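The structure appears right after this line, and notes come after that.
Counting convention: from 1, in listed order, for ligands and their atoms alike. Small disclaimer: the values here were computed from a predicted structure and weren't measured.
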Amino acid sequence: MARKDHYYNKAKQEGYRSRAAYKLKQLDQLENVISGGDTVVDLGAAPGGWLEVAAEAVGPQGQVIGVDLQRIRDFDDHDTIETLRGDMTEERTRERVIEAAGGDDSAQTGTATGTGGPVDVVISDMAPNMSGEYSLDQARSLHLARQAFETALELLDTDGDFIVKVFEGPDVDDFRADVEEEFQYVRATSPKASRDESSEIYFIGKGRLTSPVSSGDELEVEIVDTGTEGDGIASVEGYRLFVPGTAEGDVVTVRVGDVKPNFGFAERIDEE
Ligand SMILES: C[S@@+](CC[C@H](N)C(=O)[O-])C[C@H]1O[C@@H](n2cnc3c(N)ncnc32)[C@H](O)[C@@H]1O
């Protein structure tokens with residue numbers, strides 16, 4: 001067993017359930033993820049150090065929901081924390097989380113389009129049971145990180161933030177690229193409170209992107225700019241929609257096609 005270290009002792013002294021508490025504090029200090037009044041969902045939350053730090057950060061008006069395979073002991077001094085026992089790789093656990101967060105699992109949950117979900121921040125410190133074989137543990141860690149990402153996409157409100165742990169290794173760059181598509185920016189970091197020998201990194205996704213239009217929508221837009229390929233660009237509530245065959249100043253009716261979180265494509269239908 002690892003020697004009891006600085007953060008282990010600090011957690012004992014300051015009354016946190018785990019030394020991991022300091023990782024979340026450091027991640028939050030770096031990117032201001034959790035604010036007063038937020039609803040936070042914590043995946044892989046046992047024994048509960050992150051839940052305690054999140055509850056302090058959201059304050060009495062906030063809400064913190066923790067999920068783990070293990071039972072999480074009740075918190076006597078934080079009545080804003082609710083816990084669930086379940087496996088995040090199972091759809092029914094995700095449904096229970098959505099329900100606990102005040103969403104219904106159809107209309108309110110976030111997708112790439114439309115309004116976002118009911119949650120401000122999703123954090124995941126999930127880690128597999130260690131087999132000792134690094135490549136296997138790393139693949140399992142990446143699988144859990146992807147489950148957390150899928151959950152975050154379902155739950156997060158527009159502009160919401162996401163923190164996820166993953167072990168360094170193959171396919172992590174692809175995972176980061178996928179997260180980058182859905183957030184304004186992503187920062188990778190290894191907090192000081194991570195053990196020196198640890199290969200864990202955390203991605204912090206800031207500002208969940210959602211688009212105000214959906215594929216198939218028909219609307220009138222004004223072309224306000226020109227893209228590098230010569231396509232006209234319309235702005236819908238600040239969201240950029242590329243419309244081939246148009247020029248700046250045109251007012252045209254379009255049908256929305258492919259929708260990405262931060263831009264989309266539309267075709268002109270007023271000349272059909
Ligand atoms: C490093 S610990 C989390 C520590 C926690 N952040 C804290 O501050 O106390 C990782 C947790 O992930 C949980 N976990 C692993 N796989 C999971 C899964 N499929 N669903 C839910 N929790 C999972 C484990 O049970 C374990 O408690």
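For a threshold of 3.5 Å applied to N or O pairs, the pair formed by Trp50 and ligand 1 contains at least one separation below that value. At under 3.5 Å, a nitrogen or oxygen of Gly49, whether backbone or side chain, sits near a nitrogen or oxygen of ligand 1. Residue Val67 has no nitrogen or oxygen atom sitting less than 3.5 Å from a nitrogen or oxygen atom of ligand 1, judged on distance alone. Of the N or O atoms in Met126, none lie within a sub-3.5 Å distance of an N or O in ligand 1.
At a threshold of 4.0 Å, the pair Arg146-Asp178 counts as salt-bridged, since one of the basic side-chain nitrogens sits closer than that to a carboxylate oxygen. We find that Asp161 and Lys206 are joined by a salt bridge, their nearest charged nitrogen and carboxylate oxygen being less than 4.0 Å apart.
Residue Thr93 does not touch ligand 1, judged by heavy-atom distances below 4.0 Å. By the criterion of a heavy-atom distance under 4.0 Å, neither the backbone nor the side chain of Pro128 is placed next to ligand 1.
Between Leu51 and the options Ile72, Val40, Ile65, a side chain to side chain contact (heavy atoms under 4.5 Å, CB included) holds for only Ile72.
The hydrophobic cluster around Phe263 extends to Ile233, Phe242, Phe265, counting ILVMFWY residues whose side-chain heavy atoms fall within less than 4.5 Å of a member.
In this structure a side-chain-to-backbone donor-acceptor pair under 3.5 Å is missing from Asp157 to Asp120. Panel note: side chain Asp171, backbone Asp174; no donor-acceptor pair is recorded below 3.5 Å. The main-chain N or O of Thr89 is found under 3.5 Å from a side-chain atom of Asp87 such that the two form a donor-acceptor pair.
For atom 24 (C) of ligand 1, the closest non-hydrogen atom of the protein is Asp68 OD1, 3.5 Å. When only non-hydrogen protein atoms are considered, atom 4 (C) of ligand 1 lies nearest to Ala46 O, 3.1 Å. Atom 19 (N) of ligand 1 has as its closest protein heavy atom Asp87 OD1, 2.8 Å. Of all protein heavy atoms, the one closest to atom 7 (C) of ligand 1 is Ser18 OG, 3.3 Å. Remark: minimum distance from atom 6 (N) of ligand 1 to any protein heavy atom is reached at Asp125 OD2, 2.8 Å. For atom 15 (C) of ligand 1, the closest non-hydrogen atom of the protein is Ala127 O, 3.1 Å. With hydrogens left out, the protein atom closest to atom 16 (N) of ligand 1 is Leu69 CD1, 3.6 Å, a heavy atom.
The Lys165 neighbourhood of ligand 1 comprises atoms 1 (C), with distances under 4.0 Å to a heavy atom of that residue. Counting the atoms of ligand 1 from 1 in the order shown, those under 4.0 Å from a heavy atom of Gly48 are 7 (C), 9 (O). Heavy-atom contacts of Gln70 reach the following atoms of ligand 1: 25 (O) (cutoff under 4.0 Å). Within ligand 1, counting atoms from 1 as listed, the ones closer than 4.0 Å to a heavy atom of Leu144 are 16 (N), 19 (N).
Smallest separation of non-hydrogen atoms from Ala145 and Phe175: O-CZ, 3.6 Å. When all heavy atoms of Lys10 and Tyr22 are compared, the pair lying nearest together is O-OH, 3.2 Å.
Both Leu142 and Met88 belong to a common hydrophobic cluster when Ile, Leu, Val, Met, Phe, Trp and Tyr are linked at side-chain heavy-atom distances under 4.5 angstrom.
Among residue pairs with one or both ends in residues 56-82, those qualifying as side chain to side chain donor-acceptor pair (under 3.5 Å) are Tyr16-Glu56; sequence neighbours excluded.
The shortest heavy-atom distance from Gly86 to ligand 1 is under 4.0 Å. Put simply, no part of Glu52 is less than 4.0 Å from ligand 1, judged by heavy atoms.
In this model, a donor atom of one side chain and an acceptor atom of the other lie less than 3.5 Å apart for Asp137 and Ser131.
With Met88, Arg85, Gln147 as candidates, the residue nearest to atom 20 (N) of ligand 1 on a non-hydrogen basis is Met88.
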